[in-house]
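No hydrogens, no waters, no symmetry mates; every other heavy atom, side chains included, goes into these values. In the text below, chain A, chain B and the rest are named by the order of the sequence lines, each starting its count at 1.
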There are 2 protein chains.
Amino acid sequence: MARAGLTAERLTRAGAELADEVGFDQVTVSAIARHFDVKVASLYSHVRNSHDLKTRIALLALEELADRCAAAIAGRAGKDALAAFADVYRDYAREHPGRYTAARLPLDPETAAASAGVRHARMTRALLRGYDLAEPEQTHAVRLLGSVFHGYVSLESAGGFSHSAPDSQESWARIVDALDALLRNWPTTP
Amino acid sequence: MARAGLTAERLTRAGAELADEVGFDQVTVSAIARHFDVKVASLYSHVRNSHDLKTRIALLALEELADRCAAAIAGRAGKDALAAFADVYRDYAREHPGRYTAARLPLDPETAAASAGVRHARMTRALLRGYDLAEPEQTHAVRLLGSVFHGYVSLESAGGFSHSAPDSQESWARIVDALDALLRNWPTTP
DNA sequence: GCATTTACCTAACACTTTTAGGCAAATATC
DNA sequence: GATATTTGCCTAAAAGTGTTAGGTAAATGC
């Protein structure tokens, strides 16, 4: 009987694609086994369990997202960089909704520390280099940016802004404008 | 054999409590049946299916959240109202993580239209009455606020801001400061 | 060509979701 | 208060997912 040539990587990729097609929570060990026309138990030689598989998909998504972010902010600064960074998030979530959901999977601390999540944190800080923010305000700003990007993208993909004027694209652009203005005029503590 | 006295409402409440204890995605028809010491099939007289049950929990959470928001902004305006509104979100998500997750469940359009989600939208707009924003900028601001609140709370509950200085509480306060400043100086289109 | 490793399989069990049909408790009717 | 009806919870069963244990055949190394 010919072998299917399974690998943890191939399973992860198939899982990521499946996630984008039918949603991350529909990604199941069984579904992937079906995809490779293989018995479910066979996957357990390559992946510890369902949670392990999902974690791998999450890590893949984080890497992809970080790569795109890095490419976007290279050679840009200030508002240009901010807008490019923001667009990467939104575009990625729209192109790869399942992967994006996967990227939000809570990881255990060691896994998170070894993930591309730390690159994200570094890049967000780098983004703020164009603005004049000392600690601890810089950290507050990092958290604000993360919240806005994730929050917007998550509400948008849940359908929150569709079927209502104005266009989501327009709001996105204006929100980036507003964030830029805010970062340039960050309020001092009262 | 004595009856358990099941109701859709009682199932929903039990589901909400269970969600807060073990997470919304661990809320299963079986788990609730166990809680009432009843056979699983019995629940299907009160609830159409698993999705129906989860939707009911989501609607409950949306109502609770809207009630709290309404109480928080009553008699307040400007930054006071903004801060109170923001705290409701954060506090609710911390007190009731499972319910909060439930509140983010994507609803089909008719269900959403009949839900407390519309109250939320109205209240967020009311919040902006203290600031001087004409359409379409007001809508952009509504979407920004929703994104920040949801994004922050969601990242925080995923553990994003724990174990790192400064304190999450401090960031939250400063972010509200920053949003207030931003709304008072909303940038004009370039 | 043989030994070893490895990949995939069968078998089995536990759990969740859902449907169909039955019996007894609660409620309504006389 | 006895009877009829409704309703609530039951048993039974099927289908799908997750996981483990142990077997066989294919690939790999010598």
Side-chain angles (χ1 to χ4, degrees), chain A residues 1-61 97-99 101-102 105-108 111, chain B residues 1-60 98-99 101-102 105-108 111:
Chain A
M1 209 175 282
R3 298 194 176 181
L6 303 185
T7 333
E9 278 69 25
R10 289 192 67 198
L11 299 183
T12 306
R13 282 201 178 279
E17 282 160 29
L18 187 61
D20 287 336
E21 287 163 22
V22 302
F24 183 57
D25 37 75
Q26 303 296 320
V27 173
T28 152
V29 192
S30 310
I32 299 197
R34 269 194 298 277
H35 176 263
F36 286 104
D37 200 26
V38 141
K39 296 296 168 182
V40 188
S42 308
L43 301 201
Y44 283 78
S45 313
H46 305 277
V47 152
R48 272 220 314 286
N49 51 33
S50 178
H51 180 258
D52 180 31
L53 174 66
K54 288 185 177 167
T55 301
R56 286 169 189 269
I57 299 174
L59 294 177
L60 170 70
R99 283 161 150 100
T101 304
L105 185 73
L107 303 174
D108 34 318
T111 312
Chain B
M1 208 175 286
R3 297 192 177 182
L6 304 183
T7 335
E9 278 69 25
R10 289 192 67 199
L11 299 183
T12 306
R13 283 201 178 278
E17 282 160 28
L18 187 62
D20 287 337
E21 287 162 21
V22 302
F24 183 56
D25 37 74
Q26 302 297 320
V27 173
T28 150
V29 192
S30 311
I32 299 197
R34 270 194 299 275
H35 176 263
F36 285 104
D37 200 26
V38 141
K39 297 296 169 184
V40 190
S42 307
L43 301 202
Y44 284 79
S45 313
H46 305 276
V47 151
R48 274 219 314 284
N49 51 32
S50 178
H51 181 258
D52 180 30
L53 174 65
K54 290 185 175 165
T55 301
R56 286 168 188 268
I57 299 174
L59 293 176
L60 169 69
R99 283 161 149 99
T101 304
L105 186 74
L107 304 173
D108 34 318
T111 313

Measure from NE2 on B:His35 to P on D:dC9 and round the result to the nearest Å.
15 Å

Rounded to whole Å, how long is the line connecting atom CZ of A:Arg48 with atom C1' of D:dG18?
15 Å

Take atom CD of A:Gln26 and atom C1' of D:dG18, then tell me their distance rounded to the nearest Å.
15 Å

Are side-chain heavy atoms of B:Ile57 and B:Leu105 found at a separation under 4.5 Å?
no

Any base atoms under 4.0 Å from B:Ser50, or only sugar-phosphate, or nothing? Heavy atoms, all strands.
sugar-phosphate

What integer distance in Å separates B:His51:NE2 from C:dT18:C1'?
15 Å

Tell me the interatomic distance from A:Lys54, atom NZ, to D:dG18, atom P, rounded to whole angstroms.
7 Å

Please report the distance, rounded to the nearest Å, between CD1 in A:Ile32 and P in D:dG18.
9 Å

Among C:dT18, D:dT11, D:dT19, the nucleotide that comes nearest once only the side chain of B:Ala41 is considered:
D:dT11

If you take all heavy atoms of A:Val27 and A:Gly15, which pair is closest and at what distance?
CG2-O, 3.6 Å

A:Ser45 has its side chain closest, among C:dA20, C:dC8, D:dA21, to C:dC8

Would one find a side-chain N or O of A:His46 under 4.0 angstrom from OP1 or OP2 of C:dC8?
yes

Which whole-number value in Å describes the distance from A:Lys39 NZ to D:dA25 P?
17 Å

Using a 6.0 Å cut-off, check whether atom CG of A:Asp37 has over 12 heavy atoms from anything other than its own residue.
no

Looking at CG of A:Leu60 and CZ of A:Arg99, how far apart are the two atoms once the value is rounded to the nearest 0.5 Å?
5.5 Å

Do you know which two heavy atoms are closest between A:Leu107 and A:Ala58, and how far apart they sit?
CD2-CB, 4.4 Å

CZ-NE2 distance between A:Arg56 and A:His51, expressed to the nearest 0.5 angstrom:
12.0 Å

Between N or O atoms, less than 3.5 Å apart, protein on one side and nucleotides 14-17 of chain D on the other: list the pairs.
unit_1 : atom_1 : unit_2  : atom_2 : d
D:dT17 : OP1    : A:Arg34 : NH2    : 3.4
D:dT17 : OP2    : A:Arg34 : NH1    : 3.1
D:dT17 : O3'    : A:Thr28 : OG1    : 3.2

Whole-Å gap separating P (D:dA26) and CG (A:Leu6)
16 Å

CZ of B:Arg13 to OG1 of B:Thr7: how many Å apart, nearest 0.5 Å?
11.0 Å

Any B:Ser42 side-chain nitrogen or oxygen under 4.0 Å from OP1 or OP2 of D:dG8
no

